[in-house]
Amino acid sequence: MVEVPGGEFFMGCNEKVDKECSEDEKPGRRVNVGPFRIDKTEVTVAAYRRCVEAGNCSADGLRMPYWGSPMKEQPEWKDYCNWGQAGREQHPINCVDWSQAQAYCKWAGKRLPREAEWEKAARGTDGRKYPWGNIGYEAVGKKVANIADESAKRTYSDWTVAQGYDDGYVGTAPVGKFPAGASPYGALDMVGNVWEWIEDEIADGRGLCGGSWDYDPQNTRASYRSRSRPRSRLESYGFRCAR
């Protein structure tokens with residue numbers, strides 16, 4: 001885990017450096033949170049397996065995405081679920097619902113992060129647009145996160161991607177693969193790879209932060225957030241824990 005000191009930080013849309021904000025990121029404001037710790041990386045398949053073997057976590061549904069309206073299994077995306085896939089033990093556990101994420105964190109003596117905690121861990125105190133600063137994917141000149149990129153475009157030609165940016169992955173990457181994208185506190189993969197469940201209820205669902213491997217650059221920023229039904233298990237949903 002990494003330490004995040006207590007105190008104020010800038011939460012939400014910082015319009016001085018970010019012109020891509022959604023309305024629910026506004027207004028940007030100063031928020032105070034107490035000190036906490038957060039996992040340096042997303043919870044891996046290997047770590048989640050230990051919880052299953054201990055009898056405290058469920059493996060139900062981990063091989064099959066479940067989402068949509070109406071909610072249903074999505075077999076066309078099942079190959080992107082990491083559970084049971086050879087060579088993916090160090091990839092983030094995905095295709096997990098909110099309750100599975102919560103159960104793992106409780107077993108580990110932790111909890112899901114609150115939204116304000118997650119965002120502070122991702123961007124520090126100065127209102128930056130991304131964990132690494134304010135330079136976007138097309139201009140940053142190094143691999144900083146796993147998002148919808150040129151690799152994804154070669155597989156999914158209709159996707160909106162970061163032009164000229166290629167992280168080398170379609171699907172998740174092993175956790176911690178992009179140290180150049182670390183947050184000010186040393187947390188890795190705070191944007192991209194998998195959306196991360198948080199504790200908070202948002203509107204009619206549970207909150208998610210950070211974007212994922214299949215999301216475009218506008219939606220993989222530090223202040224962007226989403227929500228989903230707690231029972232949803234997407235190939236792009238994972239989590240990390242806090243304490």
Side-chain angles (χ1 to χ4, degrees), residues 1-22 25 28-31 33 35-44 91-92 112-149 161-162 165-169 172-198 200 207-226 236-242:
M1 303 185 84
V2 298
E3 301 277 352
V4 182
E8 283 194 347
F9 81 106
F10 190 96
M11 183 173 182
C13 181
N14 184 357
E15 297 184 73
K16 293 180 180 178
V17 300
D18 192 349
K19 306 304 180 186
E20 298 183 292
C21 297
S22 302
E25 298 172 54
R29 66 270 187 205
R30 304 296 298 185
V31 172
V33 297
F36 65 98
R37 304 177 78 198
I38 195 166
D39 289 346
K40 186 173 183 177
T41 68
E42 295 149 341
V43 173
T44 64
H91 284 238
L112 287 172
R114 301 179 183 95
E115 182 183 22
E117 291 173 336
W118 189 98
E119 191 170 323
K120 184 175 184 180
R123 72 193 305 197
T125 61
D126 58 6
R128 60 184 59 190
K129 185 174 181 179
Y130 306 102
W132 57 88
N134 295 316
I135 300 174
Y137 299 95
E138 294 87 347
V140 71
K142 49 193 171 184
K143 297 180 180 182
V144 289
N146 178 18
I147 68 167
D149 66 337
V161 304
Y165 176 75
D166 195 337
D167 57 54
Y169 290 91
T172 61
V175 302
K177 197 72 174 177
F178 301 95
S183 82
Y185 306 108
L188 301 172
D189 304 317
M190 292 297 288
V191 295
N193 220 18
V194 288
W195 283 100
E196 298 179 15
W197 287 111
I198 57 172
D200 305 52
L208 295 137
C209 292
S212 64
W213 62 269
D214 57 352
Y215 263 65
D216 61 84
Q218 181 177 349
N219 297 327
T220 41
R221 297 173 292 104
S223 62
Y224 188 78
R225 61 180 188 166
S226 187
S236 56
Y237 287 5
F239 66 98
R240 75 180 74 211
C241 305

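What you see is a predicted model, and the numbers here were worked out from it, not measured in a lab. Both backbone and side-chain heavy atoms feed into the values below; hydrogens, waters and symmetry mates do not. Residue indices begin at 1 and follow the sequence shown.
- Between the side chain of D189 and the backbone N or O of G176 there is at least one donor-acceptor pair closer than 3.5 Å.
- For P184 against A122, the heavy-atom pair with the smallest separation is CD-O, 4.0 Å.
- By the 4.0 Å N-to-carboxylate-O rule, E20 lies close enough to K129 to be salt-bridged with it.
- Residues K177 and K143 fail the side-chain proximity criterion, which asks for heavy atoms closer than 4.5 Å.
- T125 has its side chain within reach of K120: a pair of non-hydrogen atoms, C-beta onward, lies under 4.5 Å apart.
- Rounding to the nearest 0.5 Å places CZ of F10 at 8.0 Å from NZ of K16.
- A pairwise comparison of heavy atoms in G12 and E119 identifies N-OE2, 2.7 Å as the closest pair.
- Counted within 6.0 Å of CZ on F36, heavy atoms from surrounding residues, nucleotides or ligands total more than 12; the atom is thus considered enclosed.
- Between R240 atom CZ and T44 atom OG1 the span is 12.0 Å, to the nearest 0.5 Å.
- Using a 4.5 Å heavy-atom threshold, the side chains of I198 and L112 count as separate.
- Panel note: side chain D167, backbone I147; a donor-acceptor pair is recorded below 3.5 Å.
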Exercise for the section: Show your working on side-chain contact (heavy atoms from CB on, under 4.5 Å) between L188 and F178 and close with a plain yes or no. Expected result: CA-CA 7 Å; L188 301 172; F178 301 95; over 6 Å; no
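- The main-chain N or O of D126 is never found under 3.5 Å from a side-chain atom of R123 such that the two would form a donor-acceptor pair.
- With values rounded to the nearest 0.5 angstrom, C21 atom SG is found 11.0 Å from Y224 atom OH.
- Across D149 and G168, no two heavy atoms sit closer than the pair OD2-N, 3.6 Å.
- Remark: C241 SG to E196 CD distance equals 10.0 Å, nearest 0.5 Å.
- When all heavy atoms are compared, the tightest approach of A180 to K142 is CB-CD, 3.8 Å.
- When all heavy atoms of S236 and D214 are compared, the pair lying nearest together is CB-OD1, 3.5 Å.
- Take Y130 and apply the ring pair (Phe, Tyr, Trp, His ring centres under 6.0 Å) test, not counting sequence neighbours, and it matches W132, Y137.
- Note that CD1 of I38 is 11.5 Å distant from CZ of R114, once rounded to the nearest 0.5 Å.
- Taking CD from E25 and CG from N14, the interatomic distance works out to 11.0 Å, rounded to the nearest 0.5 Å.
- P217 approaches A162 most closely through the heavy-atom pair CD-N, 3.7 Å.
- Here the side chain of N193 pairs a donor or acceptor atom with the backbone of A173 at under 3.5 angstrom.
- Within the 4.5 Å cutoff, the side chain of P5 has heavy atoms near those of the Y185 side chain.
- Checking side-chain atoms of S183 against main-chain N and O of A121 turns up a donor-acceptor pair under 3.5 Å.
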